[in-house]
Amino acid sequence: MSETLDPRAKLQSVLQPVNNFHLESSETCLEILSAILEEKREDDVVILSKGHSAPAFYVILHEMGLLSDEELYSFADIDGLPSHVTRGLPFIEVSSGSLGQGLSVGNGIAMAKRIDGKNGYVYVILGDGELDEGQVWEAAMTASHHGLDRVIAIVDRNYFQLTGSTEEIMNKEPLADKWRAFGWEVIEVPNRKEKLRKALEKAKRIRGKPKVIIARWGV
Amino acid sequence: MIESFREAFGRALVELGRENPNIVVLDADVKSSTKTAYFEKAFPGRFIQVGISEQDMVSMAGGLAIAGKIPVVSAFAAFLMRAWEQIRNTIARDNLNVKLIPTHSGLSDHMDGSSHQCLEDIALMRVLPNMTVVVPADAPSVPVLLRQVVELEGPVYMRLGRDHAPRVYNKPELELGKASVLRKGNDVLLVATGVMVSVALETARKLEERGISAGVVDMHTIKPLDEETLLKLVSKVELVITLEEHSIHGGLGGAVAEVLSEKMPKRLIRIGTTEFGRSSRDYLALLERYGLTAENVVRKVEVMLT
């Protein structure tokens with residue numbers, strides 16, 4: 001049954017019984033997650049800081065054959081898949097659900113890799129609404145101060161947050177300038193898988209500072 | 001002998017860092033106050049400066065723990081509490097091996113006043129699943145407990161004062177999770193933690209002069225609480241007193257009250273604070289103002305037992 005659905009339709013069918021739990025946030029995250037998981041090597045780490053996009057993550061896992069139909073459709077049921085990602089699921093290193101902490105955690109992992117002389121990238125997926133959290137900018141300063149060039153943040157720039165448009169709730173623009181001012185290399189791309197994969201490859205070639213990919217929705 | 005909690009911590013951390021290459025220390029621009037500067041000097045490659053950002057520091061420590069390090073996070077207790085939600089949602093929820101070791105707890109940062117004095121942290125940490133809560137009584141206890149804290153897998157909050165650490169032990173043999181019985185008594189049991197253990201011992205001596213026999217327990221591990229030892233000692237006395245440099249709500253007094261009310265109802269007096277702190281040039285004057293002295297406890301016991 002679900003195999004015949006494309007990822008977006010699958011997402012909708014998973015979320016129908018739970019009042020469309022953060023459906024839009026998951027929809028705009030589908031291609032980002034898909035691009036990252038295709039790009040991900042064994043020693044890379046993925047952190048879904050915007051934890052409410054968990055359904056998109058589960059759909060991608062299902063597409064990869066890592067979750068059964070039964071598991072996927074157990075979303076948010078009492079012993080089923082947790083509504084926000086938690087440690088112990090495939091590829092999930094840290095539980096999220098509280099916004100603003102993922103970039104700091106990613107920096108910690110990148111710092112440990114540096115101390116141990118290990119390779120591997122740390123991909124951190126942030127929501128644009130999540131950028132309201134001051135801790136994100138604390139972490140942005142830490143990453144650039146320490147030159148953590150193994151950290152690649154991806155901002156899901158979908159222009160909405162819980163109760164309205166991002167620019168009405170708390171404006172984010174000029175977003176690229178903000179990241180640049182914090183010492184980051186910025187790559188802006190449309191939120192489409194092939195564009196994102198190219199951006200990830202480009203980001204990896206840039207050394208000496210952390211990188212952020214701003215994935216713009218609707219362009 | 002009066003020693004310093006933070007000096008003992010800074011030195012012990014260097015010792016442990018020498019033995020264990022996995023220890024990494026994080027600082028939010030207070031290294032000279034917490035004495036983690038000693039670690040930085042000895043192991044600059046394992047010292048991470050994050051600037052004045054406790055929330056970032058705590059979550060970053062989570063990442064280091066995920067990658068197999070033993071991160072030690074140190075800050076003033078009051079300001080580490082601004083990262084309580086990070087401690088809850090990332091460190092405790094994922095049971096990460098992060099060691100939170102604040103200094104300047106209680107009223108010990110006397111000069112800086114109410115903003116800097118932390119009288120709520122034991123309660124805030126005790127309520128978190130997976131979290132172990134430790135409060136050493138004196139300077140010699142610090143290295144002994146710190147070693148076990150580092151060896152324990154999982155999150156630990158070890159609360160330290162600043163510089164006023166009257167010597168309780170010469171060579172402490174302490175075991176994490178096991179209360180240390182310092183004195184036996186038949187009338188009153190004094191259950192104390194941190195710097196108040198020395199006050200409890202003084203109280204017991206004063207009570208003895210008045211013909212009242214008081215036992216003293218150093219409850220250095222507040223969570224998990226050593227209920228077995230506590231109940232065994234409580235069964236022999238009429239009155240139990242808890243002493244802590246912390247609010248009586250939710251701290252050691254709260255923990256002991258919970259156990260006694262369920263398992264062995266007994267008259268209990270909680271000695272601690274109920275207000276915010278205040279500035280004082282003299283730390284001991286501050287303890288006196290808040291009733292954290294042997295004289296005050298003796299008066300309370302006399303009222304109760306006569």
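Below, read A as the first sequence line, B as the second, and so on, with proteins coming before strands; counting in each chain starts at 1.
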Student: State whether the side chain of B/Asn89 and the backbone N or O of A/Ser98 hold a donor-acceptor pair below 3.5 Å, judged by distance alone.
Tutor: no
Student: Return yes if some donor-acceptor pair links the side-chain N/O of B/Gln55 with the main-chain N/O of A/Gln135 below 3.5 Å, else return no.
Tutor: no
Student: Taking atom CD of A/Glu173 as the centre, report whether more than 12 heavy atoms of other residues, nucleotides or ligands fall under 6.0 Å from it.
Tutor: yes
Student: Taking atom CG of A/Leu66 as the centre, report whether more than 12 heavy atoms of other residues, nucleotides or ligands fall under 6.0 Å from it.
Tutor: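 Counting neighbours around CG of A/Leu66, more than 12 heavy atoms of other residues, nucleotides or ligands fall under 6.0 Å, so yes.
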Student: Near A/Met64 CE, under 6.0 Å, is it more than 12 heavy atoms from other residues, nucleotides or ligands?
Tutor: yes
Student: Considering only heavy atoms and a distance below 4.5 Å, find which of A/Val45, A/Leu103, A/Asn107 pairs most often with chain B.
Tutor: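 Most heavy-atom pairs under 4.5 Å with chain B: A/Asn107.
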Student: Go through the atoms of B/Leu96 and report whether side chain, backbone, both or neither lie under 4.5 Å from a heavy atom of chain A.
Tutor: side chain
Student: Using a cut-off of under 4.5 Å on heavy-atom pairs, state which of A/Val122, A/Val94, A/Ile47 scores highest against chain B.
Tutor: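 Top count of heavy-atom pairs under 4.5 Å with chain B: A/Val94.
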Student: Between B/Glu85 and A/Gln101, does any side-chain donor sit less than 3.5 Å from a side-chain acceptor?
Tutor: yes
Student: Can you tell me which portion of A/Thr86 sits under 4.5 Å from chain B's heavy atoms? Options are side chain, backbone, both or neither.
Tutor: side chain
Student: Looking at A/Asn171, I want to see if its CG is surrounded by more than 12 non-hydrogen atoms of other residues, nucleotides or ligands under 6.0 Å.
Tutor: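 Above 12, so yes.
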Student: How long is the span from the NZ atom in B/Lys69 to the CD1 atom in A/Ile115, to the nearest 0.5 Å?
Tutor: 5.5 Å
Student: Nearest 0.5 angstrom please: A/Ser104 OG to B/Leu64 CG, how far?
Tutor: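 Result: 11.0 Å between the selected atoms.
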Student: What residue in A/Ile109, A/Asp116, A/Val136 has the most heavy-atom pairs under 4.5 Å with chain B?
Tutor: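 The option with the most such pairs is A/Ile109.
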Student: Counting only heavy atoms not in A/Lys118, do more than 12 fall under 6.0 Å of its NZ?
Tutor: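 Not more than 12 within 6.0 Å, no.
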Student: So, B/Arg93 side chain and A/Ser96 main chain: donor-acceptor pair closer than 3.5 Å or not?
Tutor: yes
Student: Using a cut-off of 6.0 Å, state whether more than 12 heavy atoms not belonging to A/Arg180 lie near its atom CZ.
Tutor: yes
Student: Answer yes or no: is there a donor N or O on one side and an acceptor on the other, between the side chain of A/His146 and the main chain of B/Gln49, under 3.5 Å?
Tutor: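 Yes, the answer is positive, given that a donor and an acceptor are paired below the 3.5 Å cut-off.
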Student: Any chance you could lay out the side-chain contact (heavy atoms from CB on, under 4.5 Å) test for B/Ile48 and A/Met111, step after step, and finish with the verdict?
Tutor: CA-CA 9 Å; B/Ile48 302 170; A/Met111 190 66 88; 3.3 Å; yes
Student: Go through the atoms of B/Val50 and report whether side chain, backbone, both or neither lie under 4.5 Å from a heavy atom of chain A.
Tutor: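 Both parts, backbone and side chain.
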Student: Between B/Ile66 and A/Arg87, is a side-chain contact (heavy atoms from CB on, under 4.5 Å) present by the stated rule, with each step listed?
Tutor: CA-CA 10 Å; B/Ile66 288 166; A/Arg87 191 165 154 89; 3.6 Å; yes
Student: What residue, out of B/Ser53, B/Pro71, B/Gly62, has the most heavy-atom pairs lying under 4.5 Å from chain A?
Tutor: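 Of the candidates given, the most pairs with chain A belong to B/Ser53.
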Student: A quick test of your reading: do over 12 heavy atoms of other residues, nucleotides or ligands sit less than 6.0 Å from CD of B/Glu19?
Tutor: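 More than 12 within 6.0 Å, yes.
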Student: Take a 6.0 Å sphere around CD of A/Glu70 and say whether it holds more than 12 heavy atoms from other residues, nucleotides or ligands.
Tutor: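 No, not enclosed.
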